[in-house]
Protein chains: 2
Amino acid sequence: MRNAMDNESSAPEGWREQKRRETRQRIAETGLNLFIANGYEATTLEAIAAASGISARTFFYYFKSKEDILLAWQQGLPDAVRAAILAEPPDQRPLHLVRNAFLKLAAQFSSEQAAAIDRILRSTEQLRASNQAKFLSMEKATFDALSEHWPQARRRKALQVVAMASVGAMRLSVDAWADEAGQKPLASFIKQTFSALEAEL
Amino acid sequence: MRNAMDNESSAPEGWREQKRRETRQRIAETGLNLFIANGYEATTLEAIAAASGISARTFFYYFKSKEDILLAWQQGLPDAVRAAILAEPPDQRPLHLVRNAFLKLAAQFSSEQAAAIDRILRSTEQLRASNQAKFLSMEKATFDALSEHWPQARRRKALQVVAMASVGAMRLSVDAWADEAGQKPLASFIKQTFSALEAEL
DNA sequence: AGAGAAATTTACAGTCTGTGCAATTTCAAA
DNA sequence: TTTGAAATTGCACAGACTGTAAATTTCTCT
């Protein structure tokens, strides 16, 4: 029961949550640095926990697996995708709209840190596989956001396909960008890939 | 050194290889049946090895991981994709060519067993991730085969995009097909998805 | 302030996948 | 029949992850 001089629920329960987030963040950073320094497989949970100042068991209270540390860095992605698409004016063809949204998004997600994470994600078979899940979540977010722009049921199939092709184009762009070690900006790859897509179909 | 009454290399060294393949096949079947019966995670390596009549250690002489059993069932996929695409007459636009190749392919890979494997592959997070790798390998096979039809370097980007969109369409088709528990044939979903793709772009 | 509930942290023991190593068995070729 | 490579196995071990129960901390309510 709350009453009187009670600021909603921001201070009381918010403190716990905030501390929890801070700890989680600290572990994620510690882990990432160790991965960068020693490689993913060579870094044991024990090491991450020790460097984070917690017990090995407590690690699993914050992350459900070692891999989860890396996924945590992209947790904001689906929301960002969704927001970027909804921010676009709907007077464009869906494919074009998504292209423009992704172009704006590319700025945020092509930092040096993002590149480092990407490098780790490509380093082992297991991580490469789970990295694909990222694109699946992007595809879902894209489809959901497009569905808000065009809620008509008869557009469903079309939007699904647009989401698939757009995210696929994004993936090809990121791959090409990563292969060239970041000479040209990601945005130029995105433009090129989407152009090729429209030209070929 | 081979000489005289020597039938190439089919009988002599072939015997070992054949037995090896048989053992591998037996393990794969035993494992799959156990997965179907008890679920993937509930089936231990120990159980698979015992039911296959080998030691747990020997299992790893045939498969590099438990997961690998499932991947073994799709080992022929890339070659089949490649063959199907190369078998198509090249007097069609690339996207259309791949569509027709996939339609012919769909017959082979929509057996009851394939559906069972697909169900297992969707049952856990880990397997869902590695299942995506299947589509990546299809994409690569598609691109490689298309590159033989159109070897010109300036078509590279375009073919890459076609491979991505085609395999993506295939994935959406399989998903829709699996969701409907196989009421309509897979082929009809493929036609529909490719139509939507061409319409939207 | 103090009792009690709830969240956090930890130790301990145990399961399971996967690897390294060395010994043993099997089998095709000389 | 001998020999060497491939196949098979046991054993020991690392490392990720879970179940449980107990301690410790952090609120909440009175």
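A/Glu22 has its CD atom 13 Å from the P atom of C/dT8, to the nearest Å. One atom, CZ of B/Arg20, and another, C1' of C/dC27, lie 15 Å apart when rounded to the nearest Å. Taking atom CD on B/Glu125 and atom C1' on D/dA16, their separation rounds to 17 Å, with Å as the unit. One interatomic measurement links the two molecules: CD of A/Gln18 to C1' of D/dC27, which rounds to 15 Å at whole-angstrom precision.
Taking only side-chain nitrogens and oxygens, B/Ser55 comes nearer than 4.0 Å to OP1 or OP2 of D/dT9. Look at A/Tyr62 and you'll find a side-chain N or O under 4.0 angstrom from OP1 or OP2 of C/dT9. When the side-chain nitrogen and oxygen atoms of A/Tyr61 are compared with OP1 and OP2 of C/dT9, none of them lie within a distance under 4.0 Å.
For B/Glu22 and B/Lys19, the salt-bridge test fails: no basic side-chain N is under 4.0 Å from an acidic carboxylate O.
Of the candidate nucleotides C/dC27, D/dT9, D/dA7, C/dC27 has the atom nearest to the side chain of B/Lys19.
Remark: side-chain polar atoms of A/Ser111 are paired, donor with acceptor, to backbone N or O of A/Ala114 under 3.5 angstrom.
Side-chain polar atoms of A/Ser173 and A/Thr193 form a donor-acceptor pair below 3.5 angstrom.
For residues 61-76 of chain A, the set of pairs meeting the salt bridge (charged side-chain N to carboxylate O under 4.0 Å, His left out) definition, not counting sequence neighbours, is empty. For residues 151-169 of chain B, every residue pair satisfying the salt bridge (charged side-chain N to carboxylate O under 4.0 Å, His left out) rule, not counting sequence neighbours, is listed here: A/Glu200-B/Arg155.
Here CH2 of B/Trp73 is found 4.5 Å from CD of B/Glu29. Values are rounded to the nearest 0.5 Å.
Taking the ring-ring contact (aromatic ring centres under 6.0 Å, His included) definition, one finds that A/Phe135 meets it with nothing, sequence neighbours left out. For the salt bridge (Lys or Arg N to Asp or Glu O under 4.0 Å) test, residues two or more places apart in sequence or in another chain that qualify with A/Glu148 are A/Arg82.
With a 4.5 Å cut-off on side-chain heavy atoms, B/Phe189 and B/Asp175 do not count as touching.
Of the residues in residues 28-37 of chain A, none lies under 4.0 Å from DNA chain D by heavy-atom distance.
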Can you give one letter per nucleotide of nucleotides 16-23 of chain C, 5' to 3': B if a protein heavy atom sits under 4.0 Å from the base, S if only from the sugar-phosphate, - if neither? SSBBBB--
